Number of protein chains: 2
Amino acid sequence: MASSRVTLRDIAEEVGVNPSTVSRALNPKTRGMVTGEIARQITEAADRMGYRPNPFAYSLRTNRSFTVGVLVPDLTNPAFAPIIKGIDNVLEASGYSVMVANTDNVAERERRNVDKFRERHVDGLVIATARRHDPLIDECRTEGTPLVLAVRKTTDSDISSVVSDEVTGGETIMSHLAQLGHRRVAYIAGPQELSTGFERHQGYVRGLNANNLEYDAGLVEFCDAFTEEEGRRAASRLLASGRDFTAIVAANDMIAIGIYDELQTKGLVCGKDISVVGYDDMLFSSKFDPPLTTMHSPLLDIGAEAARILLERIEDPETPPRSVKMTPELILRKSTGKPA
Amino acid sequence: MASSRVTLRDIAEEVGVNPSTVSRALNPKTRGMVTGEIARQITEAADRMGYRPNPFAYSLRTNRSFTVGVLVPDLTNPAFAPIIKGIDNVLEASGYSVMVANTDNVAERERRNVDKFRERHVDGLVIATARRHDPLIDECRTEGTPLVLAVRKTTDSDISSVVSDEVTGGETIMSHLAQLGHRRVAYIAGPQELSTGFERHQGYVRGLNANNLEYDAGLVEFCDAFTEEEGRRAASRLLASGRDFTAIVAANDMIAIGIYDELQTKGLVCGKDISVVGYDDMLFSSKFDPPLTTMHSPLLDIGAEAARILLERIEDPETPPRSVKMTPELILRKSTGKPA
DNA sequence: AAAACCTGTGCAAACGATTGCAGAGCATAT
DNA sequence: ATATGCTCTGCAATCGTTTGCACAGGTTTT
């Protein structure tokens, strides 16, 4: 990699001043300290010579890296990719670079990557892998690392986070179903150690109440992960239980896909024999067979907002933690209908 | 961000030697220079005290950052996400960090990000945004920046790249169709300034020849981008042309989806009235309606291999450029059948 | 006119590593 | 016994910035 040859000293010599003057002239914050004319000469020389500050020197001196680390469980999961994109969009505009790490949901890998990020002195972290109780997050907090959680939160509310309003989302779904006439609706929950899984399930029970439906433990199955395979297995258990129900709501779209799979192998047609609704409205959920009715989570915005909050906190370490809840939106498609 | 407090000097004082000795003891390459016992004491003290080298200092001195930049048109496009994941997997294992940049296919943004990466002295670049003639790539080449192209290449073969074998892929698709009995198959091509678009189209015409079908310019439409929308428009033009054909092959899965859309609005049923085949086998292409028969590109492997080649080149700058072609695999699903 | 204060600049010390060079100590060759 | 060589360690410079401090010169205050 060719190095950016020209340094502060070069410019200083060119203009005939001390490097420190050049430094001050080039830094907006200190520019006022130097005489207008000299500053002009310096900036002129700087871009004539193609000066590019050396980030290592800068960072060594200031301990700022203009870099943030992003942790996701799976880069290729359409429920996470948009978050990164959102983050990248706002961070790029502010001159930051984003480093990503894929953790595949393994705690050890999360820790390793957080450590790596810290060693590299990232200015902050956005974490989309947090569990409700997460020692790693606690650590970061006590270490004072600026961080914001995306799409998930911990039980500790002293940490910035941006999520969608999962419980009212879940509630809304139930109302939709109730309105269609469903009385017995099953639920396939996500992992309860994730706020997403936990709160969406909570939304389900609230929705039950709100619509005068009663909770039946036999109608809810839990998944160990937000995956198609887990969804399929849970659906299989549900079907095998012999219980009666006319709709299944899934804790997210991946699980919903798993349900599709199982229904299909059982010869049930989704949207007619049985309704199913997902959550997230991830890419292509409108292309499935049938198109999935689902709760749209504004993933891109969540990422962007997380980045903004992080930036705020980085620029001013005194900024108190802030938690924002985006409001999701129900997208009606073909996988729900009146009960058979 | 709390700084990693302990430095070489601290360890030096603790053990009672000069910082340079500590440096040597801790660096595997120079470890041999220091007496075994002392080295032992040093490493012992180092991890007792929790020493973490300061990357800025290291990089400032050595000009190495253990960082690579990755350029993709769209992080959220399922045809690119796996590439990043593949890259991350191998790079993480080698202690590198990956910085991503989303360029949305805008050249100016590509340039800006490459510049940013260079300023930050990344050790290398993997670029998935290259056009067949790409001044940006030329520049990088003459600057000597280690880089490897992923999933695309330029006409200049002196640049490392890893792609799937697009032309034989395209050819294979045609043979499949011919075997089913299709004689008139249309093609919806991708942008010809991208090697992917160009070579896949080339595969189409070779496949025509190989199966004794003749080329009919009226049966091919070109897209300006690998998008659903472009695919839909091209399909619309094709259908409107009044030409006769029994199958459409798309330059990639996104375009294929666009074709699905158009067929549906025209009341044609895909896989019966007309066959369509995609390319890439991106996530969920098995979930579409109907499941898409497509050419599987080993995206994850492509990313991983690109990372490996880059690493090679970084460690030894004399390594000559290397281009590898992965072999794709035809995945038969429901969108193709015998001609109506 | 002296005292006090600005304002703009330069000097030099960091930041935390790596590395060429010099030299101390000791073993081997002459 | 001297010369030669080898191995290990320390010294100090360096990478390119930022920034506290000193200070020169000019302005304002008393």
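No hydrogens, no waters, no symmetry mates; every other heavy atom, side chains included, goes into these values. First the proteins, then the strands, lettered A, B, ... as listed; each starts at 1. Note that the coordinates shown come from a computational prediction; the quantities given were computed from them, not determined experimentally.
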Chemist: Is a side-chain N or O of B:Thr43 found less than 3.5 angstrom from the main chain of B:Arg40, in a donor-acceptor match?
Modeler: yes
Chemist: Specify the residues of residues 27-39 of chain B, ordered by number, for which at least one heavy atom lies under 4.0 angstrom from an atom of DNA chain D.
Modeler: B:Gly32, B:Met33, B:Val34, B:Thr35, B:Ile38
Chemist: Could you encode protein contacts along nucleotides 22-27 of chain C as a string, one character per nucleotide from 5' to 3', using B for base contact, S for sugar-phosphate-only contact and - for no contact, with a heavy-atom cut-off of under 4.0 Å?
Modeler: ------
Chemist: Which nucleotide sits closest to the side chain of A:Asn54: D:dG16, C:dG16, C:dC11?
Modeler: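 Closest of the options to the side chain of A:Asn54: D:dG16.
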Chemist: With a 3.5 Å cut-off and heavy atoms only, can you find an N or O donor on one side and an acceptor on the other between the side chain of A:Ser20 and the base of C:dC11?
Modeler: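 Answer is yes: a donor-acceptor pair is held.
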Chemist: Nearest to the side chain of A:Thr21, heavy atoms from C-beta on, is which of C:dT9, C:dA17, C:dT19?
Modeler: C:dT9
Chemist: Can a salt bridge be assigned to the pair B:Glu312 and B:Arg322 using a cut-off of 4.0 Å between side-chain N and carboxylate O?
Modeler: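 Between B:Arg322 and B:Glu312 there is a salt bridge, with a charged N closer than 4.0 Å to a carboxylate O.
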Chemist: Show me the dot-bracket string of DNA chain C, counting Watson-Crick or G-U pairs under 3.5 Å, with | for pairs to another strand and [ ] for crossing ones.
Modeler: ||||||||||||||||||||||||||||||
Chemist: When you measure from every atom of DNA chain C, which of residues 8-18 of chain A have a heavy atom less than 4.0 Å away?
Modeler: A:Val17, A:Asn18
Chemist: Quick check for you: among D:dT17, C:dG16, D:dG20, whose closest atom lies nearest to any side-chain atom of A:Leu60?
Modeler: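 Of D:dT17, C:dG16, D:dG20, C:dG16 is nearest to the side chain of A:Leu60.
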Chemist: Do A:Asp134 and A:Glu193 have side chains that approach each other closer than 4.5 Å (heavy atoms only, starting at C-beta)?
Modeler: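 Side-chain contact under 4.5 Å: no.
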Chemist: Please collect all ring-ring contact (aromatic ring centres under 6.0 Å, His included) contacts where either partner lies in residues 31-84 of chain A, sequence neighbours excluded, each pair once.
Modeler: A:Phe56-B:His121, A:Phe66-A:Tyr96
Chemist: Got a list of side-chain donor-acceptor pairs under 3.5 Å for residues 11-20 of chain B, not counting sequence neighbours?
Modeler:
residue	atom	partner	partner atom	Å
B:Glu14	OE2	B:Arg48	NH1	3.2
B:Glu14	OE2	B:Arg48	NH2	3.3
B:Asn18	OD1	B:Ser20	N	2.8
B:Asn18	OD1	B:Ser20	OG	2.8
B:Ser20	OG	B:Arg24	NH2	3.4

